[in-house]
Amino acid sequence: MKSNPVQYDNLSKVFHWVTAIVVVIAFVLGPGDFGRLVNGGVDPATRLDIVWHESLGVAVFVLTLARLLWLAGRRGAPRHPMPAWMAGVSRFVHWVLWGLLISLPLSAAMALGSESHPLTLLGGLRFSGFSAISGADLSHVVDWGEVHKFLGDVMMWLAGLHAAAALYHHFKLRDRVLVSMLP
């Protein structure tokens, strides 16, 4: 049985904050007109914003998978006393954030594959192995680039609400919700 600690463990804190920072930077660097640029003949390797955005996106996916593995075996997370509705909203928002952390990189892969664009990473690494996606029926159901942009916007709004809720807990409710995730 997992215990109910007062603080999150150090590795959970590192995963949380590094992921948050990487997501924000990737969002800021995300070129809103990526598809138009590449379809217009721009090589993604010549645009540092694209290279960084895609590299950070891969980092988010790897961090998320590592976090999920860590969650499976770590001790219990702190449980703070709060009204049932607040705990329910918190659980829902966390589940949606987890879903977005997984679906954003997948939607990016779908966007790259459906348009036959390479994944371009730091260090000059290029992966054009998305041909299985381009031939799949699912690749042409929607504009995956637009789906990716929409999910990124939702991620930022929800992350902002998540941060605002933590600050509300800290300054208004004066409980230990925020403190339990701080270094």
Side-chain angles (χ1 to χ4, degrees), residues 1-30 52-113 119 121-123 125 127 129-130 132-133 138 144 147-148 150-183:
M1 181 170 175
K2 294 183 179 183
S3 64
N4 183 26
V6 178
Q7 289 268 318
Y8 283 92
D9 59 272
N10 288 335
L11 188 55
S12 292
K13 291 177 185 182
V14 169
F15 275 138
H16 176 272
W17 291 108
V18 169
T19 300
I21 291 166
V22 171
V23 164
V24 169
I25 294 170
F27 180 82
V28 168
L29 293 177
W52 272 99
H53 177 77
E54 292 183 355
S55 298
L56 293 171
V58 170
V60 167
F61 192 63
V62 170
L63 278 167
T64 301
L65 294 178
R67 284 178 79 183
L68 288 170
L69 287 173
W70 176 246
L71 279 176
R74 77 162 190 212
R75 63 188 172 127
R79 284 185 229 106
H80 303 282
M82 63 183 72
W85 72 267
M86 198 179 282
V89 169
S90 173
R91 270 191 305 279
F92 175 75
V93 168
H94 278 97
W95 278 105
V96 173
L97 286 170
W98 278 108
L100 288 167
L101 287 169
I102 293 168
S103 61
L104 267 159
L106 295 178
S107 66
M110 291 299 292
L112 291 172
L119 174 66
L121 304 175
L122 292 168
L125 298 172
F127 298 95
F130 296 102
I133 293 173
L138 187 60
W144 287 101
V147 169
H148 183 69
F150 173 76
L151 294 176
D153 290 343
V154 171
M155 168 68 91
M156 294 312 295
W157 279 102
L158 262 182
L161 288 172
H162 174 70
L167 293 172
Y168 176 79
H169 276 274
H170 187 71
F171 291 110
K172 179 71 174 163
L173 300 179
R174 298 187 187 279
D175 59 18
R176 306 225 10 112
V177 170
L178 176 63
V179 174
S180 69
M181 186 50 86
L182 292 177

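Across Leu122, Leu63, Leu29, a single residue satisfies side-chain contact (heavy atoms from CB on, under 4.5 Å) together with Leu56, and that is Leu29.
Distance CZ/Phe61 to CD1/Ile102: 7.0 Å, rounded to 0.5 Å. The line from CG of Leu71 to OG1 of Thr64 is 10.5 Å long, rounded to the nearest 0.5 Å. Summarising the geometry, atom CZ belonging to Phe127 is positioned 11.0 Å from atom CD belonging to Glu54; distances are rounded to the nearest 0.5 Å. The distance from the CG atom of Leu68 to the CZ atom of Phe15 is 9.5 Å, given to the nearest 0.5 Å.
Using a 4.5 Å heavy-atom cutoff, the side chains of Val154 and Leu100 are in contact. With a 4.5 Å cut-off on side-chain heavy atoms, Met156 and Val24 count as touching. At a threshold of 4.5 Å between non-hydrogen side-chain atoms, the residues Lys13 and Leu182 do not count as touching. Side-chain contact between Met82 and Leu173 is absent, with no heavy-atom pair separated by less than 4.5 Å. Inter-residue side-chain proximity for Arg67 and Trp98 is flagged as met; some heavy-atom pair is nearer than 4.5 Å. Side-chain contact between Leu65 and Leu69 is absent, with no heavy atoms from C-beta onward closer than 4.5 Å. Side-chain contact between Gln7 and Val179: present, with at least one pair of heavy atoms (C-beta onward) separated by less than 4.5 Å. At least one side-chain heavy atom of Val58 sits under 4.5 Å from a side-chain heavy atom of Leu121.
Side chain of His53 to main chain of Phe27: no donor-acceptor pair is present (N/O by atom type, distance under 3.5 Å, no hydrogens or angles).
By the ring pair (Phe, Tyr, Trp, His ring centres under 6.0 Å) test, His170 is found to be paired with no residue, residues two or more places apart in sequence or in another chain being considered. In this structure Val147 satisfies the side-chain contact (heavy atoms from CB on, under 4.5 Å) test together with Ser107, Val142, Trp144, Leu151, sequence neighbours excluded. Taking Asp9 as the reference, Leu11, Ser12, Trp70, Arg74, Arg75 meet the side-chain contact (heavy atoms from CB on, under 4.5 Å) condition, with sequence neighbours excluded.
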Practice task
Dump the intermediate steps for side chain to side chain contact (heavy atoms under 4.5 Å, CB included) on Leu178 and Leu167, then the final yes or no.
Solution key: CA-CA 7 Å; Leu178 176 63; Leu167 293 172; 4.2 Å; yes
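Smallest separation of non-hydrogen atoms from Leu97 and Met155: CD2-SD, 3.7 Å. Contact record, Gly57 with Pro105: O-CG, 4.1 Å, taken as the closest heavy-atom pair. Nearest heavy-atom pair across Trp17 and Pro183 is NE1-CD, 4.4 Å.
His80 and His169 have their aromatic ring centers separated by at least 6.0 angstrom.
Ring orientation note: the planes of His16 and His162 are tilted relative to one another, at an angle of 30° to 60°.
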